[in-house]
S.K.: 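Have a look at this one.
Read the numbers this way: they start at 1 and go in the same order the structure lists the ligands and their atoms. Numbering starts at 1 and runs along the sequence shown. Since the structure is predicted, the reported quantities are computational estimates derived from the model, not experimental observations.
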Amino acid sequence: MHIAAIIVAAGRGTRAGGKLPKQWQSLRGRPVLAHTLAALQPHVTTNVVVVHPDDSALWDQSGLLADIVVQGGATRDASVRAGLEALANHAPELVLIHDAARPLVSARIITDVIAALASNPCAAPALPVTDALWTGTADQVTGTQDRAGLFRAQTPQGFHFAKILQAHRSLPGPFADDVAVARAAGLDVAIVTGAEDNLKITGPDDLARAARLMESTMDIRMGNGYDVHRFGPGDHVWLCGVKVPHARSLQGHSDADVGMHAITDAIYGALGKGDIGQHFPPSDPQWRGAESQIFLKHAANLAVENGFAISNMDCTLVCEHPKIGPHQSAMKAALAAITDVDEDRISVKATTSERLGFTGREEGIASLATVTLVKA
Ligand code: MG
């Protein structure tokens, strides 16, 4: 089914404080609008963002992508109408009209609205009013108001596209929202259950609350890796992607890059997806002498495929020789190039083991790694 979304981002609201309209303010390092777009994207075929004419440069600089970008009008009605007209040639069956300032809308609400449209021309999320309601002046209660049958309206408000387009074309407004337009056109609107977390960012407190809610739902994974390779004859070792001259070489099925193997295993570990030996069995001759960056690249891609970004990686090499210090920055650069992670999120460090044990006797090199993944 062709489902479109119109994200209304043309408001001037600056009650949230700061110089920028609320949809452009930063929420965990990205504009509020970026989170809103990301929430809708998986559920729709075509998305339209309605941007205020004064915000064209903000949009261009944001790097955000939308199928259609249109300029908003002087009122909310006019902005939504512009979005609907931009979709007219695409003729979607359903359209979801959503406030850019509600970045925390859940997949559950979106799918419930879409499901309700199977048997209703319009459907929108709302929550019953539970607080007592008063009438009052600035500082005095003047009366009480029955809250029975009252709801707090949310978005996305969903419609059969042709019907809401026709309603907007025939009714000039002004209207509080698109449900009001639909009802004025004689359409029935079903209520689906909204959510407290689907808050509309209006004031500075809302931005802080949205950030807290996102933090509490963040999916963070951590993994560790450990690897050892023994020394044998040779004149260099590969460590974290860098060829380091040495009186001996590390032995192994691949290029024996012990540092990169530990990091690779840490990523697999964080994902709960096995280890390097499972993905690249030593018994398989095709990995003989393989460059270890094949393994690391595979693990990093697997993280991305599963919706994770590598937040940081930290690797410790345990050896008496070679000295790692002179090669540290080259190693970080090599790992950054392979994994597409910023160098300032990568650490390579080294320690001796005080001449104790197999690393102390220089029989081999050990490596430990820790990696953090964050759901993007
Ligand atoms: Mg290994």
S.K.: Check for a donor-acceptor pair, side chain of T36 on one end and backbone N or O of V32 on the other, with a separation under 3.5 Å.
M.R.: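 Checking the backbone N and O of V32 against the side chain of T36, a donor-acceptor pair under 3.5 Å is found.
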
S.K.: What's within reach of the Mg ion (ligand 1), meaning protein N/O/S atoms under 2.8 Å?
M.R.: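 Short answer, with waters excluded from the count: D227 OD2, H229 NE2, H261 ND1.
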
S.K.: Looking only at the side chains, is there a donor atom on one of T155 and H98 sitting less than 3.5 Å from an acceptor on the other?
M.R.: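 Yes - a donor-acceptor pair under 3.5 Å links their side chains.
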
S.K.: What verdict does the side chain to side chain contact (heavy atoms under 4.5 Å, CB included) test give for V371 and N312, after you've listed the backbone C-alpha separation in whole Å, the side-chain angles of each residue and the deciding distance to 0.1 Å?
M.R.: CA-CA 6 Å; V371 165; N312 80 304; over 6 Å; no

S.K.: Could you grab the distance from atom CG of L239 to atom CD of Q328, nearest 0.5 Å is fine?
M.R.: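 Between atom CG of L239 and atom CD of Q328 there are 12.0 Å.
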
S.K.: Using the six-membered ring wherever Trp is involved, compare the ring planes of F295 and H261 and label them parallel, tilted or perpendicular (cut-offs 30° and 60°).
M.R.: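 Ring orientation, 0 to 90° scale: tilted.
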
S.K.: Do L296 and Y268 share a hydrophobic cluster (ILVMFWY, side-chain heavy atoms under 4.5 Å, transitive)?
M.R.: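 Linked, L296 and Y268 end up in one cluster.
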
